[in-house]
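Okay, structure first, notes after.
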Amino acid sequence: MALTGRTALIAALGALLVGFLLPSWTGLLAVELTLLLAILYDLGRAAPVRKLLFTRSGDTSVRLGEPVEVRLTVTNPTGRPLRAHLRDAWPPSVWTAGSEITASRHRLTVPGGERRRLTTQLRPTRRGDHHAARVTVRSYGPLGLAARQGSHSVPWTVRVLPAFNSRKHLPSRLSRLRELDGRTSVLTRGEGTEFDSLREYIPGDDTRSIDWRATARQSTVAVRTWRPERDRRILAVLDTGRTSAGRVGDIPRLDAAMDAALLLAALSARAGDRFDLLAYDRQVRAAVQGRTAHDLLPALVTTMAPLEPALIESDARGMASTILRNAPQRSLVVLFTGLDPSPVEEGLLPVLPLLTQRHTVVVASVADPRIEEMATARGTLDAVYGAAAAARTQAERRHTASRLRRRGVTVVDATPDEIAPALADAYLALKAAGRL
């Protein structure tokens with residue numbers, strides 16, 4: 001039973017009034033008795049909470065940062081009208097700051113034998129699966145003096161998918177891809193290109209592309225056009241070890257890596273290449289393999305959504321073995337991992353020869369923009385010390401990247417906002433050079 005503020009107010013006013021009319025103890029006893037009877041009457045007329053029925057409907061998935069609506073239907077099977085305050089509780093990560101109080105609480109009236117539908121609008125701030133908590137109902141009587149309160153478990157899950165903010169870079173990269181494909185300009189021949197067609201010579205064309213046999217059969221000079229080979233295989237590997245849990249800007253490193261992987265997947269699918277994904281630390285956490293271009297992005301975002309970093313050191317040797325097992329043919333292996341000197345020197349460098357002798361390897365690492373800000377700070381003693389520490393960190397990353405490049409690895413080191421387009425550019429450059 002819950003007593004309301006109205007109950008306390010009536011008791012105080014009644015005690016004040018009766019105190020003037022009757023002896024003190026008699027007046028207080030009369031007030032308390034009257035109030036008790038009113039409360040019992042109110043409770044007797046309040047709709048019982050345990051008999052209420054609840055069902056949910058609405059969206060089950062949403063992109064991170066976008067709103068989603070979940071509907072709750074309240075059915076009152078009793079003969080008493082329901083006058084209630086209701087709280088539809090969810091984890092804190094589904095609300096923006098300050099919105100929970102207004103979004104999760106509802107007032108409703110449901111006559112006996114009828115139902116009402118409530119809508120709770122969520123705006124998740126974290127990726128993953130979010131589960132509804134309990135629905136708490138406070139049912140008031142007609143006087144509003146007291147209420148029955150109880151909770152019900154009404155399960156519902158909303159899967160929050162990666163935001164894919166880098167999709168804004170897709171049109172410009174597709175335009176460059178069309179140029180590579182020879183649809184808007186001519187390619188020169190590369191190691192990984194294939195013959196496309198013949199056309200008439202235009203001044204400025206590479207003379208090495210002239211097809212002399214075709215020229216001898218016609219009255220004009222014919223040149224060959226080339227395009228990158230299709231049906232290449234790309235294997236993206238997300239390192240989900242402890243380094244992926246660090247926050248860069250407003251997001252974890254893992255989320256920035258996912259965003260870059262999605263842009264690469266969309267671009268490679270348009271290029272006619274096959275894209276697979278692995279998430280690994282000491283075991284395979286997730287995998288997407290053998291999907292068609294039409295099904296690829298939905299499968300990726302659904303698989304990535306519940307993926308969380310593991311606070312353990314990744315097993316580089318096990319990761320290399322898993323990559324070789326899942327990519328028996330020559331592939332482009334894109335490894336999303338950190339450039340911290342210790343994990344790279346002790347883990348990645350010893351196993352690199354196993355990968356580079358069979359595959360083209362790209363290491364994509366998410367840099368912390370705060371380090372760049374600190375490196376340029378001046379003015380105070382603390383700022384100077386911070387700048388020195390940031391400069392040392394940057395030098396160590398450059399040294400680590402240089403060691404990887406000397407072993408034939410392409411390194412993409414960029415901030416969260418720049419990592420996705422930078423990786424897409426690296427992919428297009430490898431394709432143009434015929435290295436896929």
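Positions are given from 1 along the sequence.
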_Tell me if the CZ atom of R159 is crowded by more than 12 foreign heavy atoms within 6.0 Å._
yes
*Side chain N76, main chain T78, donor-acceptor under 3.5 Å*: yes
*Distance in Å, L86 CG paired with F54 CZ, rounded so as to fall on 0.5 Å steps*: 6.0 Å
*asked:* side-chain contact (heavy atoms from CB on, under 4.5 Å), that's the test. Do Y140 and L145 meet it? Break it down for me.
replied: CA-CA 8 Å; Y140 290 89; L145 299 178; over 6 Å; no
*Between S166 and D259, is any side-chain donor less than 3.5 angstrom from a side-chain acceptor?*
yes
*Using the side-chain contact (heavy atoms from CB on, under 4.5 Å) rule, take M319 and V237 through it: C-alpha gap first, then chi angles, then the decisive distance, then the call.*
CA-CA 9 Å; M319 184 182 296; V237 182; 4.1 Å; yes
*Taking all heavy atoms of P67 and all of V62, pick out the closest pair and write down the distance.*
O-CG2, 3.6 Å
*Could you check if a side-chain atom of R407 sits within less than 4.5 angstrom of a side-chain atom of P353, using non-hydrogen atoms only?*
no
_Heavy-atom side-chain proximity of T415 to V366 below 4.5 angstrom_ = no
*asked:* Ignoring hydrogens, what is the shortest heavy-atom contact between A327 and R233? Give both atom names and the distance.
replied: CA-NH1, 3.9 Å
*So how far is it from L335 CG to L352 CG, rounded to the nearest 0.5 Å?*
8.5 Å
*Report yes or no: does W156 contribute a side-chain atom to a donor-acceptor pair with the main-chain N or O of D59 at less than 3.5 Å?*
yes
_For the CD1 atom of I419 and the CZ atom of R253, what is their distance to the nearest 0.5 Å?_
10.5 Å
*Can you list the steps and then say if S365 with R397 is a side-chain hydrogen bond (donor to acceptor under 3.5 Å, both in side chains)?*
CA-CA 10 Å; S365 180; R397 290 179 70 88; 3.0 Å; yes
*asked:* A quick test of your reading: do over 12 heavy atoms of other residues, nucleotides or ligands sit less than 6.0 Å from CZ of R406?
replied: yes
_For D382 and T380: C-alpha separation, side-chain torsions, deciding distance, then whether side-chain hydrogen bond (donor to acceptor under 3.5 Å, both in side chains) applies._
CA-CA 5 Å; D382 289 342; T380 65; 5.6 Å; no
_So for atom CZ, which belongs to R126, do other residues, nucleotides or ligands contribute more than 12 heavy atoms lying within a distance under 6.0 Å?_
no
_Close side-chain approach of S93 to R127, heavy-atom, < 4.5 Å_ = no
*Would you call D413-R398 a salt bridge at under 4.0 Å N-O?*
no
*Once you round to the nearest 0.5 Å, how far does CZ of R325 lie from CG of L278?*
9.5 Å
*Heavy atoms only: give me the nearest R247-D368 pair and the separation to one decimal.*
O-OD2, 4.4 Å
*Backbone of R317 reached by a side-chain donor or acceptor of S321 within 3.5 Å*: yes
*asked:* Side chains of D239 and S244 only: does a donor on one sit below 3.5 Å from an acceptor on the other?
replied: no
*Is the shortest distance from a Lys or Arg side-chain nitrogen in D273 or K431 to a carboxylate oxygen in the other one below 4.0 Å?*
yes
*Report yes if the side chains of L404 and L348 come closer than 4.5 Å at any heavy-atom pair, otherwise no.*
yes
*May I have the step-by-step check of side-chain contact (heavy atoms from CB on, under 4.5 Å) for L235 and F275, ending in yes or no?*
CA-CA 6 Å; L235 177 61; F275 186 94; over 6 Å; no
*Nearest atoms (heavy-atom pairs only) where V344 meets P350*: O-CD, 4.3 Å
*Under 4.5 Å between any side-chain heavy atoms of L324 and R358, yes or no?*
yes
_Would you say that P48 contacts R80 through its side chain, given a criterion of any heavy-atom pair below 4.5 Å between the two side chains?_
yes
*Which heavy-atom pair separates D295 from P298 by the least distance, and what is that distance?*
O-CD, 3.4 Å
*asked:* Show, in sequence, the C-alpha distance, side-chain angles and deciding distance for R167 and H169, and conclude whether the side-chain contact (heavy atoms from CB on, under 4.5 Å) test is met.
replied: CA-CA 5 Å; R167 61 182 179 274; H169 300 291; over 6 Å; no
*Below 4.5 Å, heavy atoms only, C-beta onward: do R123 and V94 meet side chain to side chain?*
no
*Is it the case that H85 and R138 place a side-chain donor and acceptor less than 3.5 Å from each other?*
no
*asked:* Tell me whether R116 is salt-bridged to E114, with the criterion being a basic N under 4.0 Å from an acidic carboxylate O.
replied: yes
*Working for side-chain hydrogen bond (donor to acceptor under 3.5 Å, both in side chains), residues R115 and T55*: CA-CA 11 Å; R115 66 184 65 180; T55 57; over 6 Å; no
*Electrostatic pair D88:R56 at N-O distance under 4.0 angstrom*: yes
*Under 4.0 Å between a Lys/Arg side-chain N and an Asp/Glu carboxylate O for R370 and E373?*
yes
_Salt bridge flag under 4.0 Å for residues R282 and D315_ = no
_From CA spacing to verdict: salt bridge (Lys or Arg N to Asp or Glu O under 4.0 Å), D276, R291_ = CA-CA 8 Å; D276 294 335; R291 299 289 181 149; over 6 Å; no
*Going by heavy atoms in the side chains, are L64 and L161 under 4.5 Å from each other?*
no
*So, the side chain of T400 versus the backbone of E396: is there a donor-acceptor pair under 3.5 Å, distance only?*
yes
*Would a distance-only check, ignoring hydrogens and angles, find a side-chain to backbone donor-acceptor pair under 3.5 Å from R63 to E66?*
no
*What pair of heavy atoms forms the shortest contact from T322 to G318, and how long is it?*
OG1-O, 2.8 Å
*With the threshold set at 4.0 Å, does a side-chain nitrogen-carboxylate oxygen contact exist between E345 and R403?*
yes
_I'd like to know if the side chain of H130 and the backbone of V158 have a donor-acceptor N/O pair within less than 3.5 Å._
no
*Under the criterion side-chain hydrogen bond (donor to acceptor under 3.5 Å, both in side chains), which of R71, H106, R87 is the partner of T120?*
H106
_R117 atom CZ, over 12 foreign heavy atoms within 6.0 Å_ = no
